[in-house]
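Throughout, residue positions are numbered sequentially from 1 according to the sequence presented.
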Amino acid sequence: MRRRFVNVLFVLAMIVMALVLTVSATLICCVKILHPGRLTPIVERYVNNILDADVDIARVELSFKPAFPVLRVEIDSLTVMSHAFDSLSAAERATLPQWSDSLFVGAFLRKGLISVHDVELVKPALNIVLSAGGTGNFDIYHSADTVSTPESDAPAAIPPFSIDRFAFVEPREIRYFNALDSVAATVLLLHD
């Protein structure tokens with residue numbers, strides 16, 4: 001009886017070890033196959049399809065640095081140019097600052113909980129602009145009637161997420177402009 005229990009325990013341990021090794025090998029292969037030259041256009045194409053904005057990314061890299069169990073995603077030179085003001089008249093566009101379309105300039109998804117250990121934004125700049133009609137350059141999500149969902153009619157939702165550490169490294173300015181009441185503000189320096 002005891003020998004049978006030991007044999008069953010041994011087989012279960014081998015199955016668990018095989019599963020762990022399979023998952024580890026799959027992750028390592030994915031990181032090797034999805035090198036920055038292949039992964040960057042995939043991420044750019046996906047993000048540009050779901051947002052009403054032009055998203056430009058210089059490089060997206062997956063790595064296991066500094067240690068294997070932690071998968072690191074590094075995004076270099078991210079720029080988000082909003083299309084929120086495309087429908088405004090030329091007169092309304094003239095009341096907005098020149099930088100109104102650039103929402104974010106700086107140097108993340110699966111369903112379920114996303115847990116991020118460290119987020120560092122290197123040299124970020126953020127522009128927030130509101131037109132006189134109330135449209136903001138941050139209105140970059142497509143409306144429900146313009147989104148094509150090939151397999152599901154369910155709306156896409158941002159999954160719950162947590163961030164352990166969020167830091168600005170060498171931040172640039174954060175600018176705000178509201179055309180309705182001409183309020184403008186610029187924060188030039190941020191600290192961690």
Side-chain angles (χ1 to χ4, degrees), residues 36-37 39-63 72-110 114-149 155-192:
L39 182 61
T40 303
I42 293 171
V43 171
E44 265 187 340
R45 188 171 43 252
Y46 178 75
V47 172
N48 280 314
N49 284 339
I50 64 170
L51 296 179
D52 188 21
D54 288 329
V55 178
D56 184 40
I57 305 171
R59 184 177 59 83
V60 178
E61 181 179 2
L62 294 174
S63 67
R72 178 180 174 158
V73 178
E74 185 174 327
I75 300 173
D76 185 20
S77 300
L78 170 68
T79 304
V80 180
M81 300 296 284
S82 173
H83 289 249
F85 300 134
D86 288 354
S87 62
L88 296 180
S89 68
E92 287 177 305
R93 293 273 304 167
T95 65
L96 302 177
Q98 179 181 0
W99 43 267
S100 63
D101 289 334
S102 65
L103 175 62
F104 182 80
V105 180
F108 326 93
L109 292 171
R110 72 177 198 42
I114 297 171
S115 179
V116 179
H117 293 285
D118 292 319
V119 174
E120 288 185 352
L121 298 178
V122 179
K123 297 182 181 178
L126 180 64
N127 299 316
I128 300 170
V129 179
L130 292 167
S131 70
T135 304
N137 67 340
F138 49 85
D139 295 328
I140 59 175
Y141 290 101
H142 292 286
S143 62
D145 56 342
T146 62
V147 176
S148 62
T149 53
I158 297 174
F161 62 91
S162 65
I163 300 173
D164 293 339
R165 180 179 161 271
F166 187 88
F168 293 104
V169 178
E170 300 177 35
R172 291 189 261 172
E173 65 273 358
I174 294 178
R175 297 185 285 195
Y176 172 82
F177 179 79
N178 187 340
L180 183 61
D181 54 10
S182 298
V183 172
T186 301
V187 177
L188 296 176
L189 183 63
L190 298 172
H191 296 285
D192 291 348

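For the atom pair CZ of R93 and CG of D86, the computed distance is 6.5 Å after rounding to the nearest 0.5 Å. One finds the CG atom of L130 at 7.5 Å from the CG atom of N137 (value rounded to the nearest 0.5 Å). S100 contributes atom OG, which lies 13.0 Å from atom CD1 of I128 (distance to the nearest 0.5 angstrom). Here the NE2 atom belonging to H83 is positioned 13.5 Å from the CG atom belonging to D139, to the nearest 0.5 angstrom. Between R45 atom CZ and N48 atom CG the span is 10.0 Å, to the nearest 0.5 Å. Summarising the geometry, atom CD belonging to E44 is positioned 9.5 Å from atom CG belonging to L78; distances are rounded to the nearest 0.5 Å.
In plain terms, the two heavy atoms of W99 and V129 that are nearest each other are CZ3-CG2, 3.4 Å. Here the closest heavy-atom approach between residue P36 and residue P41 is recorded as O-CD, 4.1 Å. Closest non-hydrogen pair, T135 versus F85, comes out as O-CE2, 3.2 Å. Across all non-hydrogen atoms, the minimal contact from V60 to T40 is N-OG1, 2.8 Å. In terms of heavy atoms, F168 sits closest to P124 at CD2-CG, 3.4 Å.
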Tabulate below the donor-acceptor pairs under 3.5 Å that side-chain atoms of residues 174-185 make, not counting sequence neighbours, or state none.
| unit_1 | atom_1 | unit_2 | atom_2 | d |
| --- | --- | --- | --- | --- |
| R175 | NE | N127 | OD1 | 2.9 |
| R175 | NH2 | N127 | OD1 | 3.3 |
| Y176 | OH | N178 | ND2 | 3.4 |
| N178 | OD1 | L180 | N | 3.1 |
| D181 | OD1 | V183 | N | 3.4 |

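Applying the salt bridge (Lys or Arg N to Asp or Glu O under 4.0 Å) definition to pairs two or more places apart or across chains, those involving residues 51-61 are R59-E61, R59-E74.
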Intermediate values then yes/no, side chain to side chain contact (heavy atoms under 4.5 Å, CB included), L96 and L88: CA-CA 11 Å; L96 302 177; L88 296 180; 3.9 Å; yes
